[in-house]
Q: 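Okay, handing you the structure first.
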Amino acid sequence: MSATPFAPPVVATHGSTDPAAPLVVLLHGRGSDEQQILALAPHLPTGVAYAAVRAPIAEGGGYAWFANRGIGRPQAGSLRETTTWFRRWLDEVAPAGRPVVLVGFSGGAAFAGALVLADPARYAGAAVLYGTLPFDAGLSTDPGQLAHLPVFVAQGDADHVIPRELLDRTWQYLLSESGAPTVALRQPGGHQLTAEVVHRLAEWVAHRLGHVIHQGEVEAGTRPAPTWPTLGGELPHRTGPRPAVSWTIPQQQESQTAPVELQERLYEHLRSLRSVETGPSRISVPGARGLVLHEGSEDPQAYLVAEVGEFAHLHPAHDGSMHLVLPADLAADVSAKGWGRPHMWAGTRLSPGFMMVFGPRDEAELAVVRGIVEASHAYASGATALAV
């Protein structure tokens, strides 16, 4: 990395002193400092190392992460300098193999966003609290850019500090095109942390790091298009806008509902797959129909509910979508090409490949969705090729 004009960072710490312990980096807002954001650490999980870093640019009695073109709009050159400076410090304290989660508030949220957009594979997760991603600052926001990177985003519906257009754009991108499994919380109020947000953040950090410790990480970010065991080897792009999807549990498709006749034809095909049994889903809403394999892969990550072998389920007719599990590369391809999005708990409480697949709107889409579920069936079967 090239030299930067900044001194080494001032860092305040809390929690574990084990140099191998998962590291949560706390990034304060503009005009604040590391001591203020460190006050969040005692409310987060124990057994973790917390490092609150002071931003490198003095401003307003505090510090800032970058020079602005306007609120929430970083100058691209300034942002490149400060992210380079930060990465030099991070690579010293957290070499490869040590999980790192970023938690940023306001200006620190934009800085966290810059770091993960530039190099999503470097991080185990990111929390974007009352802030915006750094759009139009020379960083990619392509579809699937944050695939397999768990994100927690919190906003106040009366926040008058960050422009509403940027908050909405951040919300939309994270919950749709980014491919990130995103836990989202939007509350009444303005530009400040609430007790509910801190509680939910602590839960998210605990689940994410627990998953990393016990199941390992899936490398985040875009990747070359994989070879599918179905669909002639390649998933096409879905045309048109993505449907609206709920951001709360249960995850449901809310627009572009598949015609019921196509839903039923999809179900009849799927129940004909080799060794599949059907019945009520063990994890979804009432009326969802589960697809179960009693003999298949020994990898619990290949299932929605490993204990019963449920690898997919179809939601009720008013929804028309489905959930299933795919290998990591195929799941990322589904996100990038617009056929679905990850469940918000993928990689925290559920398998990293836990995906929503949108219901088919026409005959051509029915064929593609069938191929996606056949690939899920092959994965759960422990097969390298399609078994029908």
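When a residue number appears, it is its place in the shown sequence, counting from 1. On a predicted model such as this, the values are computed, not experimentally measured, just so you know.
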Q: Give the C-alpha distance, both sets of side-chain angles, the deciding distance and a yes or no for side chain to side chain contact (heavy atoms under 4.5 Å, CB included) between Phe86 and Val25.
A: CA-CA 11 Å; Phe86 177 89; Val25 181; 3.9 Å; yes

Q: Looking at Glu268, I want to see if its CD is surrounded by more than 12 non-hydrogen atoms of other residues, nucleotides or ligands under 6.0 Å.
A: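 Enclosed.
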
Q: Are Val334 and Trp345 in one and the same hydrophobic cluster, where Ile, Leu, Val, Met, Phe, Trp and Tyr link if side-chain heavy atoms are under 4.5 Å apart?
A: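 Each belongs to a different hydrophobic cluster.
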
Q: If hydrophobic clusters are built by linking Ile, Leu, Val, Met, Phe, Trp and Tyr wherever their side-chain heavy atoms come under 4.5 Å apart, do Val151 and Leu185 end up in the same one?
A: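 Unlinked, Val151 and Leu185 end up in two clusters.
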
Q: Locate the shortest heavy-atom distance separating Leu139 from Ala118; write the atom from each residue and the value.
A: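 Between these two residues, the closest heavy atoms are CD2-CB, 3.9 Å.
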
Q: Looking at Phe358, I'd like to know if the NZ or CZ of Arg238 sits under 6.0 Å from its six-membered ring centre while staying within 45 degrees of the ring's axis.
A: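 Cation-pi check for Arg238 and Phe358: fails.
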
Q: Using a strict cut-off of less than 4.0 Å between a Lys/Arg side-chain nitrogen and an Asp/Glu carboxylate oxygen, indicate whether Glu264 and Arg289 qualify as a salt bridge.
A: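 Yes, Glu264 and Arg289 are salt-bridged.
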
Q: Rounded to the nearest 0.5 Å, how far apart are NE2 of His343 and CG of Leu350?
A: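 Spacing of NE2 (His343) from CG (Leu350) equals 6.0 Å.
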
Q: Whether the side chain of Ser275 engages the backbone of Leu293 through a donor-acceptor N/O pair (distance < 3.5 Å, no angle test) should be reported.
A: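 Not at all, since once roles are kept as given, no pair shorter than 3.5 Å links the two residues.
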
Q: What distance do Arg370 atom CZ and Leu366 atom CG have between them, rounded to the nearest 0.5 Å?
A: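 It is 6.0 Å, given to the nearest 0.5 Å.
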
Q: So is Arg30 actually on top of Phe66's ring, under 6.0 Å and inside 45° of the axis?
A: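 Flagged: Arg30 positioned over aromatic ring of Phe66.
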
Q: Do Arg282 and Val292 touch side chain to side chain, with heavy atoms closer than 4.5 Å?
A: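 They are not in side-chain contact.
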
Q: Would you say that His148 contacts Ser335 through its side chain, given a criterion of any heavy-atom pair below 4.5 Å between the two side chains?
A: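 Contact flag for His148/Ser335 side chains = no.
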
Q: To the nearest 0.5 Å, what is the distance between CG on Leu79 and CG on Leu117?
A: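 Between atom CG of Leu79 and atom CG of Leu117 there are 9.5 Å.
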
Q: Donor-acceptor pair, Asp33 side chain versus Gln36 backbone, under 3.5 Å?
A: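 Side chain of Asp33 to backbone of Gln36, a donor-acceptor pair under 3.5 Å: yes, one is there.
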
Q: Over all heavy atoms of both residues, which pair between Pro352 and Ala346 is shortest? Give the atoms and the distance, please.
A: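 The answer is O-CB, 3.8 Å.
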
Q: For Gln263 and Arg265, indicate whether the former's side chain and the latter's backbone hold a donor-acceptor pair under 3.5 Å.
A: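 Side chain of Gln263 to backbone of Arg265, a donor-acceptor pair under 3.5 Å: no, none is there.
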
Q: Is it the case that the side chain of Gln35 and the backbone of Ala12 share a donor-acceptor pair, with hydrogens and angles ignored and the cut-off at 3.5 Å?
A: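 Pair absent, no side-chain N/O of Gln35 close to backbone of Ala12.
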
Q: Flag the pair Met322 / Leu270 as yes when at least one side-chain heavy-atom distance between them is below 4.5 Å, and no otherwise.
A: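 In short, these two side chains touch, coming nearer than 4.5 Å.
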
Q: Check the surroundings of atom CD1 in Ile249: do more than 12 heavy atoms from other residues, nucleotides or ligands lie under 6.0 Å from it?
A: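 Enclosed: over 12 neighbouring heavy atoms sit under 6.0 Å from CD1 of Ile249.
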
Q: Is the shortest heavy-atom distance from the side chain of Trp339 to the side chain of Pro236 under 4.5 Å?
A: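 SC-SC contact between Trp339 and Pro236 confirmed.
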
Q: Taking Asn68 for the side chain and Gln75 for the main chain, is one N or O donor matched with an acceptor at less than 3.5 Å?
A: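 No, Asn68 side chain to Gln75 backbone: no donor-acceptor pair under 3.5 Å.
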
Q: Taking the inter-plane angle between the rings of His191 and Phe105 on a 0 to 90° scale, is it parallel (under 30°), tilted (30 to 60°) or perpendicular (over 60°)?
A: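 His191 vs Phe105 ring planes: tilted.
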
Q: Is the backbone of Glu177 close enough, under 3.5 Å, to the side chain of Arg242 for a donor and an acceptor to pair up by distance?
A: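 Here the side-chain-to-backbone pair does not exist.
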
Q: Could you check His199, Arg200, Gln187 and say which one makes a side chain to side chain donor-acceptor pair (under 3.5 Å) with Thr194?
A: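 The residue from His199, Arg200, Gln187 that satisfies side chain to side chain donor-acceptor pair (under 3.5 Å) with Thr194 turns out to be Gln187.
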
Q: Using 30° and 60° as the class boundaries, would you call the ring planes of Trp204 and Phe152 parallel, tilted or perpendicular?
A: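 Trp204 vs Phe152 ring planes: tilted.
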
Q: Which pair of non-hydrogen atoms, one from Ala137 and one from Ala76, has the smallest distance, and what is that distance?
A: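 Shortest heavy-atom separation between Ala137 and Ala76 comes out as O-CB, 3.5 Å.
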
Q: Step by step, work out the side chain to side chain contact (heavy atoms under 4.5 Å, CB included) result for Met355 and Leu330.
A: CA-CA 10 Å; Met355 298 290 295; Leu330 303 188; over 6 Å; no

Q: With Val103, which of Val128, Leu27, Leu129 fulfils side-chain contact (heavy atoms from CB on, under 4.5 Å)?
A: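 With Val103 as partner, side-chain contact (heavy atoms from CB on, under 4.5 Å) holds for just one option, Leu129.
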
Q: Go through the side-chain N and O atoms of Asp319 and Ser321 and say whether any donor and acceptor fall under 3.5 Å apart.
A: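 Yes - a donor-acceptor pair under 3.5 Å links their side chains.
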
Q: Determine, using the 4.5 Å side-chain heavy-atom cutoff (strictly less than), whether Tyr50 and Leu115 are members of one ILVMFWY cluster.
A: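 In one cluster: no.
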
Q: What verdict does the side chain to side chain contact (heavy atoms under 4.5 Å, CB included) test give for Gln192 and Tyr130, after you've listed the backbone C-alpha separation in whole Å, the side-chain angles of each residue and the deciding distance to 0.1 Å?
A: CA-CA 7 Å; Gln192 67 278 326; Tyr130 300 87; 6.0 Å; no

Q: Donor-acceptor check, side chain of Arg208 to backbone of Ala124, threshold 3.5 angstrom: yes or no?
A: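 At least one qualifying donor-acceptor pair exists.
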
Q: With rounding to the nearest 0.5 Å, note down the distance linking CG in Asp333 to CH2 in Trp228.
A: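 Answer for the CG-CH2 pair, Asp333 versus Trp228, is 6.0 Å.
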
Q: Do the ring planes of Trp65 and His28 sit parallel (below 30°), tilted (30 to 60°) or perpendicular (above 60°)?
A: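 The rings of Trp65 and His28 sit tilted, inter-plane angle from 30° to 60°.
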
Q: Got a sec, which residues hit ring-ring contact (aromatic ring centres under 6.0 Å, His included) with Tyr123, two or more places apart in sequence or on another chain?
A: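 With sequence neighbours excluded, Tyr123 shows a ring-ring contact (aromatic ring centres under 6.0 Å, His included) to no residue whatsoever.
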
Q: Is there side-chain contact between His14 and Leu38, with heavy atoms separated by less than 4.5 Å?
A: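 Side chain of His14 against side chain of Leu38, heavy atoms only: contact under 4.5 Å found.
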
Q: Do Glu277 and His294 get their side chains close enough for a donor-acceptor pair, meaning under 3.5 Å?
A: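 There is such a pair (donor and acceptor under 3.5 Å, judged by atom type) between the side chains of Glu277 and His294.
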
Q: Between Val116 and Leu201, is there a shared hydrophobic cluster once you connect ILVMFWY residues whose side-chain heavy atoms come closer than 4.5 Å?
A: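 As far as the 4.5 Å side-chain criterion goes, Leu201 and Val116 are not connected within one cluster.
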
Q: Return yes if a side-chain donor-acceptor contact under 3.5 Å exists between Ser140 and Gln145, otherwise no.
A: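 Gln145 and Ser140 do have a side-chain donor-acceptor pair below 3.5 Å.
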
Q: Between Thr170 (side chain only) and Leu133 (backbone N and O only), is there a donor and an acceptor less than 3.5 Å apart?
A: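 Present.
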
Q: Heavy atoms only: give me the nearest Leu149-Gly125 pair and the separation to one decimal.
A: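 Taking every non-hydrogen atom into account, CD1-N, 3.7 Å.
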
Q: Less than 4.5 Å apart, side chain to side chain, heavy atoms only: is that true for Gln256 and Arg361?
A: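 Answer yes - side chains close enough.
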
Q: Which distance, rounded to the nearest 0.5 Å, do you find between the OG1 of Thr227 and the CG of Leu235?
A: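 Between atom OG1 of Thr227 and atom CG of Leu235 there are 12.0 Å.
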
Q: Regarding Ser281 and Glu310, do their side chains bring together a donor and an acceptor under 3.5 Å, going by distance alone?
A: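 A donor-acceptor contact under 3.5 Å links the two side chains.
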
Q: Quick test of your reading of the model: are Arg87 and Asp119 salt-bridged, counting only N-O distances below 4.0 Å?
A: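 Looking at Arg87 and Asp119, the cut-off is met.
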
Q: Donor-acceptor pair, Arg73 side chain versus Pro134 backbone, under 3.5 Å?
A: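 Here the side-chain-to-backbone pair does not exist.
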
Q: Measure the spacing between CD of Glu365 and CG of Leu262 and express it to the nearest 0.5 Å.
A: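 Output value for this atom pair is 9.5 Å.
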
Q: State whether the side chain of Ser376 and the backbone N or O of Val325 hold a donor-acceptor pair below 3.5 Å, judged by distance alone.
A: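 At least one qualifying donor-acceptor pair exists.
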
Q: Check whether any side-chain heavy atom of Val245 lies under 4.5 Å from a side-chain heavy atom of Leu175, and answer yes or no.
A: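 Val245 does not reach Leu175 side chain to side chain.
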
Q: Where do Pro226 and Asp329 come nearest, in terms of heavy atoms and distance?
A: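 Shortest heavy-atom separation between Pro226 and Asp329 comes out as CB-OD2, 3.4 Å.
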
Q: Report yes if the side chains of Ser78 and Ile57 come closer than 4.5 Å at any heavy-atom pair, otherwise no.
A: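 Side chain of Ser78 against side chain of Ile57, heavy atoms only: contact under 4.5 Å found.
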
Q: Which atoms form the tightest heavy-atom contact between Ala312 and Leu324, and what is the distance?
A: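 So the two residues come closest at CB-CB, 3.8 Å.
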
Q: A cation-pi test, strictly: NZ or CZ of Arg186 under 6.0 Å from the centre of the six-membered ring of Trp171 and no more than 45 degrees from its axis. Yes or no?
A: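 So Arg186 does make the cation-pi contact.
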
Q: Verify the distance criterion only: is there a donor paired with an acceptor across the side chains of Asp299 and Ser297 at less than 3.5 Å?
A: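 Asp299 vs Ser297: no donor-acceptor pair found between side chains.
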
Q: For Gln215 and Gln301, does a side-chain donor sit closer than 3.5 Å to a side-chain acceptor?
A: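 Gln301 and Gln215 do have a side-chain donor-acceptor pair below 3.5 Å.
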
Q: Walk me through it: do Arg341 and Thr182 pass the test side chain to side chain contact (heavy atoms under 4.5 Å, CB included)?
A: CA-CA 10 Å; Arg341 68 168 66 174; Thr182 301; over 6 Å; no

